[in-house]
Amino acid sequence: MKSKRKGIILAGGNASRLYPLTNSISKQLMPIYDKPMIYYPLSTLLLSGLRDILIITNSRDELAFKNLLGDGSHIGINIEYAIQPFPGGLAQAFLIGEDFIGNDSVALILGDNLFHGNQLRNQLDIAQFQEQGATIFAQRVRNPSRYGVVELDSEGRVLSIEEKPTKPKSNYALTGLYFFDNTVIKRAHKLKPSPRGELEITDIIDSYLNTGDLKIQILGRGLAWLDTGTFDSLNAAGSYIRTLQNRQGMKIGCPEEIAWELNLINNKQLEYLAKKYLNSGYGEYLLNLLFEKENENIKLDKKNVDIN
């Protein structure tokens, strides 16, 4: 029997690079233009077809996340929460989320990562339907030494992964999105802390590489990947979202819209959510989705009448 896949959003840590902003609030609750940061990774998991999601955060911010997202039923999904007792590395998420994952496969996304682009859905689908092994996502960057770096052979297969190397072997950086089968739990239990005192995600990936179970998706030029861990990148992400949304009239990273388009919620549920936010442009946007859909249906009905 095919296992389903669950999702984890890692939204813990101290975000010390954003002090003093993050002294009293989680980085993932800060705004990226008109939405909390966590809306963007949540939207990515929804587009991946995931309906059971665990948010890992710290004890200080857990209530704030619950106030924002609740149990997820308002958008037709299930959201659970777990506490990261200390920042112990990305791979710590699989130990914290072991009971949540159960016998299923899992996708992990970092709470400060934003993905956007026309081909994203296709690449997510490829990773989602890969039942065995791991799939990682990488993109070419100008400054690879800031990231985990992927070395590829001439046929695009992974040769090695290095964490923040001083002399990178390529310009391809690991993004904060990973798909794993259920063996990731056993692999995480076997890890030993790195010199930084953390359980490294690159060690998990290496274990899949060593067993021949690692695949990679390269995000091309038409796809945007932004991480928001610094003041400049936080501001750049907000400017990116603002520019595209104002030009196109369509929102990026809107979980309510995605849930509605995927039939996780119906028109009445979307209308209810829209009215909650009616004093902001966000609620007006959601209502306009319903208005546009109604007009499309009217046009289709008229066309059918004319044909008949």
Side-chain angles (χ1 to χ4, degrees), residues 1-9 34-55 65-66 68-81 100-102 104-109 111 113-131 135 177 179 217 223 241 244-245 248-278 280-304:
M1 180 179 176
K2 180 181 176 181
S3 67
K4 68 176 183 178
R5 193 180 303 274
K6 294 175 179 174
I8 295 177
I9 302 176
D34 59 349
K35 294 174 289 294
M37 186 187 297
I38 197 169
Y39 272 32
Y40 299 93
L42 176 60
S43 294
T44 299
L45 293 186
L46 287 175
L47 289 172
S48 302
L50 308 187
R51 304 294 176 258
D52 290 289
I53 294 169
L54 177 70
I55 295 176
F65 280 106
K66 287 182 175 179
L68 177 67
L69 296 171
D71 63 2
S73 59
H74 64 292
I75 53 173
I77 64 173
N78 172 58
I79 296 178
E80 299 179 30
Y81 299 86
F100 168 79
I101 299 168
D104 297 319
S105 52
V106 64
L108 172 68
I109 188 168
N113 273 223
L114 186 158
F115 296 87
H116 174 252
N118 287 336
Q119 297 302 313
L120 178 62
R121 183 77 178 271
N122 292 336
Q123 293 190 265
L124 292 172
D125 283 345
I126 292 171
Q128 163 69 331
F129 291 110
Q130 188 69 41
E131 293 187 41
T135 300
L177 177 61
F179 284 66
Q217 289 284 322
L223 287 167
I241 296 298
L244 286 184
Q245 289 188 172
Q248 298 176 351
M250 297 182 290
K251 289 200 179 295
I252 298 168
C254 179
E256 295 90 350
E257 178 181 9
I258 295 170
W260 177 65
E261 289 182 342
L262 294 176
N263 294 318
L264 298 177
I265 58 174
N266 58 33
N267 290 353
K268 287 186 177 181
Q269 289 169 304
L270 183 63
E271 183 179 3
Y272 173 79
L273 294 173
K275 288 179 177 178
K276 284 180 61 179
Y277 305 125
L278 204 53
S280 73
Y282 197 89
E284 184 180 346
Y285 174 79
L286 295 179
L287 279 181
N288 195 52
L289 293 174
L290 293 170
F291 177 75
E292 290 178 356
K293 185 70 172 179
E294 183 178 346
N295 282 347
E296 287 177 9
N297 291 337
I298 291 173
K299 288 179 182 179
L300 286 173
D301 288 342
K302 287 183 177 180
K303 184 177 180 181
N304 289 334

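Because the structure is a prediction, the values reported are computed rather than measured. Quick note: residue numbers are just sequence positions, from 1.
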Could you tell me which non-hydrogen atom of [X] sits nearest to which non-hydrogen atom of [Y], and how far apart they are?
{"X": "Cys254", "Y": "Ser43", "value": "N-OG, 3.6 Å"}
{"X": "Leu42", "Y": "Ile75", "value": "CD2-CD1, 4.3 Å"}
{"X": "Tyr282", "Y": "Pro255", "value": "OH-CD, 3.9 Å"}
{"X": "Leu286", "Y": "Glu257", "value": "CD2-N, 4.4 Å"}
{"X": "Leu223", "Y": "Leu120", "value": "CD2-N, 3.4 Å"}
{"X": "Tyr285", "Y": "Lys251", "value": "OH-N, 3.1 Å"}

Evaluate side chain to side chain donor-acceptor pair (under 3.5 Å) for Asn78 paired with Glu80, printing each intermediate quantity in order.
-> CA-CA 7 Å; Asn78 172 58; Glu80 299 179 30; 3.1 Å; yes

Applying side-chain contact (heavy atoms from CB on, under 4.5 Å), run through Leu124 and Leu177 and close with a yes or a no.
-> CA-CA 10 Å; Leu124 292 172; Leu177 177 61; 3.7 Å; yes

Checking side-chain contact (heavy atoms from CB on, under 4.5 Å) for the pair Lys66/Tyr81: CA distance, chi angles, key distance, verdict?
-> CA-CA 8 Å; Lys66 287 182 175 179; Tyr81 299 86; 3.6 Å; yes

Less than 4.5 Å apart, side chain to side chain, heavy atoms only: is that true for [X] and [Y]?
{"X": "Gln128", "Y": "Phe179", "answer": "yes"}
{"X": "Leu244", "Y": "His116", "answer": "yes"}
{"X": "Leu114", "Y": "Ile241", "answer": "yes"}
{"X": "Ile79", "Y": "Leu54", "answer": "no"}
{"X": "Phe115", "Y": "Pro41", "answer": "no"}

Please walk me through it: do Leu47 and Ile258 pass side-chain contact (heavy atoms from CB on, under 4.5 Å)?
-> CA-CA 7 Å; Leu47 289 172; Ile258 295 170; 3.9 Å; yes

Would you kindly check if the NZ (Lys) or CZ (Arg) of Lys35 is within the cone defined by 45 degrees around the ring axis of Tyr40 and under 6.0 Å from the six-membered ring centre?
->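 No.
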
Spatial distance of atom [atom1] ([X]) from atom [atom2] ([Y]) [nearest 0.5 Å]:
{"X": "Leu50", "Y": "Ile77", "atom1": "CG", "atom2": "CD1", "value": "9.5 Å"}
{"X": "Phe129", "Y": "Arg5", "atom1": "CZ", "atom2": "CZ", "value": "10.0 Å"}
{"X": "Lys293", "Y": "Asn288", "atom1": "NZ", "atom2": "CG", "value": "14.0 Å"}
{"X": "Leu287", "Y": "Lys275", "atom1": "CG", "atom2": "NZ", "value": "7.5 Å"}
{"X": "Asn122", "Y": "Gln217", "atom1": "CG", "atom2": "CD", "value": "9.5 Å"}
{"X": "Arg51", "Y": "Leu45", "atom1": "CZ", "atom2": "CG", "value": "10.0 Å"}

So, does [X] use its side chain to make a donor-acceptor pair with the main chain of [Y] at under 3.5 Å?
{"X": "Gln245", "Y": "Ile252", "result": "yes"}
{"X": "Gln269", "Y": "Asn266", "result": "yes"}
{"X": "Lys6", "Y": "Phe100", "result": "yes"}

Take Leu68 and Tyr39 through the test side-chain contact (heavy atoms from CB on, under 4.5 Å) and record every step on the way to the result.
-> CA-CA 10 Å; Leu68 177 67; Tyr39 272 32; 3.9 Å; yes

Quick one: do Asn267 and Trp260 satisfy side chain to side chain donor-acceptor pair (under 3.5 Å)? Show the steps, please.
-> CA-CA 7 Å; Asn267 290 353; Trp260 177 65; 2.8 Å; yes

Under a 4.0 Å N-O cut-off, is there an ion pair linking Lys4 with Asp52?
->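 Between Asp52 and Lys4 there is a salt bridge, with a charged N closer than 4.0 Å to a carboxylate O.
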
Side chain to side chain contact (heavy atoms under 4.5 Å, CB included), paired with Ile8, selected from Ile101, Ile53, Ile109 = Ile101

